[in-house]
Number of protein chains: 2
Amino acid sequence: MPQDPPFPPVEGRSTRQKRAVWAALASVDGFVSAKTLHHRLEERGDDVALATVYRFLQSQLEAGTVDSLLNPDDGEALYRICAAQTHHHHLVCRECGIATEFKVPEIDRLARTVAVNEGFSETVLTFDVFGICPACQSPSNHVD
Amino acid sequence: MPQDPPFPPVEGRSTRQKRAVWAALASVDGFVSAKTLHHRLEERGDDVALATVYRFLQSQLEAGTVDSLLNPDDGEALYRICAAQTHHHHLVCRECGIATEFKVPEIDRLARTVAVNEGFSETVLTFDVFGICPACQSPSNHVD
DNA sequence: TCGTAAATGAGAATCAGTCGCTATACTAGT
DNA sequence: ACTAGTATAGCGACTGATTCTCATTTACGA
Ligand SMILES: [Zn+2]
Ligand SMILES: [Zn+2]
Ligand SMILES: [Zn+2]
Ligand SMILES: [Zn+2]
């Protein structure tokens, strides 16, 4: 049996649902919301409860295998399997979710310095850029 | 009548509710959520609907008289009347909301460069640092 | 194959934020 | 100063996202 189902670094037990959600997430190249992911699963015929999608994303987030960020427009959480394993930031299209990653070591160092100077601990830095990607700028290619 | 109620740079008509919300916001020195602000108003006996608080904050935000940011922990929006009028960033305590401001001119330039290189337009940059302030680190002073 | 802990599904609950209709502040007469 | 007209403001009800509860199902080691 060559049926080795695509196995990602999924936390806990391996279930049909987890595999399906991971596959769906992996098939997208940009950031997506839990709801969008759920829709895609429905389209494929993969029956997974929305709550399960949320739980899966949460656990993978804690495991560090997916990135997430908040859409500043509506506060909705978006998720993605990122290429880079080390700390990085995102340039995200607020229309279609497409994203590119970039690193700015100096910024992280600088932010940490500011925090230390003020005596803050457990600091977390948010640094992402939102905009409209080239494709979404030309109405013809618009994918929303 | 010396009763000249404290008049802030409030947009539009002057109403009891707007004055109350502004006063409540001004009396806090850190970032607060709309809900927290609403609670404080209740405590003072100022009767203002939560929806009105949201709308007020929204309009002041557009007018540029208040700053806002998303708490990365729960996605809740936080508001504050900031000292600096020019573009700046924040070091915020995720416990009590206390914040200090800092400026990093290079970062905006850098972000814009990244965006332009990828052909993105209408870019918006989020750059803030969250952590635990010195006061909230010592359990005795904890104010949450 | 069994036993057990973990995971799922369905729906209720929660929580931030928004909407549509009503009340009111302000303005242009009178 | 008083009044009607009108755009703005206020507020209860609603929406949409995310989490919780718990009965049921399932993975998987013994
Ligand atoms: Zn990433
Ligand atoms: Zn796009
Ligand atoms: Zn500020
Ligand atoms: Zn604090």
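Computed over heavy atoms, backbone and side chain alike; hydrogens, waters and symmetry mates excluded. Owing to the predicted nature of the structure, the values given are computational and were not obtained by experimental measurement. A note on names: the letters A, B, ... follow the listed sequences, proteins ahead of strands, and every chain is numbered from 1.
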**OP:** Please report, rounded to the nearest Å, how far the C1' atom of C:dA10 is from the NE2 atom of A:H38.
**Re:** 11 Å

Subject >> Side-chain heavy atoms of B:I81 within contact of B:W22, under 4.5 Å >> reply: yes

Considering only distance and modelled atom types, tabulate donor-acceptor pairs under 3.5 Å from the side chains of residues 37-56 of chain A, sequence neighbours left out.
{"residue": "A:H38", "atom": "NE2", "partner": "A:V48", "partner atom": "O", "Å": "2.9"}
{"residue": "A:R44", "atom": "NH2", "partner": "A:S27", "partner atom": "OG", "Å": "2.7"}

**OP:** Please report, rounded to the nearest Å, how far the C1' atom of C:dG9 is from the CD atom of A:E42.
**Re:** 14 Å

Original post:
Of the nucleotides C:dT8, C:dG9, D:dC11, which has the atom closest to the A:K18 side chain?
Top reply: C:dT8

Original post:
Once you round it to whole Å, what is the distance between P of D:dC11 and CZ of B:F56?
Top reply: 14 Å

Original post:
Separation of A:L41 atom CG from C:dT8 atom C1', in whole Å?
Top reply: 14 Å

**OP:** Among the candidates C:dA10, D:dT18, C:dG17, find the nucleotide nearest to the side-chain atoms of B:Y54.
**Re:** C:dG17

Original post:
Could you give the CD-to-P distance, from A:E62 to D:dT19, as a whole number of Å?
Top reply: 10 Å

Subject >> Nucleotide C:dT14, atom P - distance to CG of B:D74 in whole Å >> reply: 17 Å

Subject >> Atom-to-atom span, CG of A:L50 to C1' of D:dG16 - whole angstrom >> reply: 11 Å

**OP:** Check whether A:V92 and A:V32 end up in the same hydrophobic cluster, where Ile, Leu, Val, Met, Phe, Trp and Tyr are linked by side-chain heavy atoms less than 4.5 Å apart.
**Re:** no

**OP:** Apply the salt bridge (Lys or Arg N to Asp or Glu O under 4.0 Å) test between B:R94 and each candidate in B:D73, B:D74, B:D128; give the one that qualifies.
**Re:** B:D73

**OP:** Starting at the 5' end of nucleotides 24-30 of chain D, put B wherever the base has a protein heavy atom under 4.0 Å, S where only the sugar-phosphate does, and a dash everywhere else.
**Re:** --BBS--

Original post:
Within the side chain of B:T123, is there an N or O that forms a donor-acceptor pair under 3.5 Å with the backbone of A:G131?
Top reply: no

Original post:
What class does the angle between the rings of B:F31 and B:H90 fall in, given that below 30° is parallel, 30 to 60° is tilted and above 60° is perpendicular?
Top reply: perpendicular

Original post:
Touch check for A:D47, heavy atoms < 4.0 angstrom, all strands: base, sugar-phosphate only, or nothing?
Top reply: sugar-phosphate

Subject >> Gap between atoms CG and C1', on A:N71 and D:dT18 respectively (whole Å) >> reply: 16 Å

Original post:
Would you say C:dT18 has OP1 or OP2 under 4.0 Å from some side-chain N or O of B:Q58?
Top reply: no

Original post:
If two hydrophobic side chains count as joined below 4.5 Å and joins carry through other members, does A:L69 share a cluster with A:L91?
Top reply: no

**OP:** Looking at every strand, decide which applies to B:A34 at a 4.0 Å heavy-atom threshold: base, sugar-phosphate, or nothing.
**Re:** nothing

**OP:** Ignoring the backbone of A:E76, work out which of D:dG12, C:dG9, D:dT18 is nearest its side chain.
**Re:** D:dT18

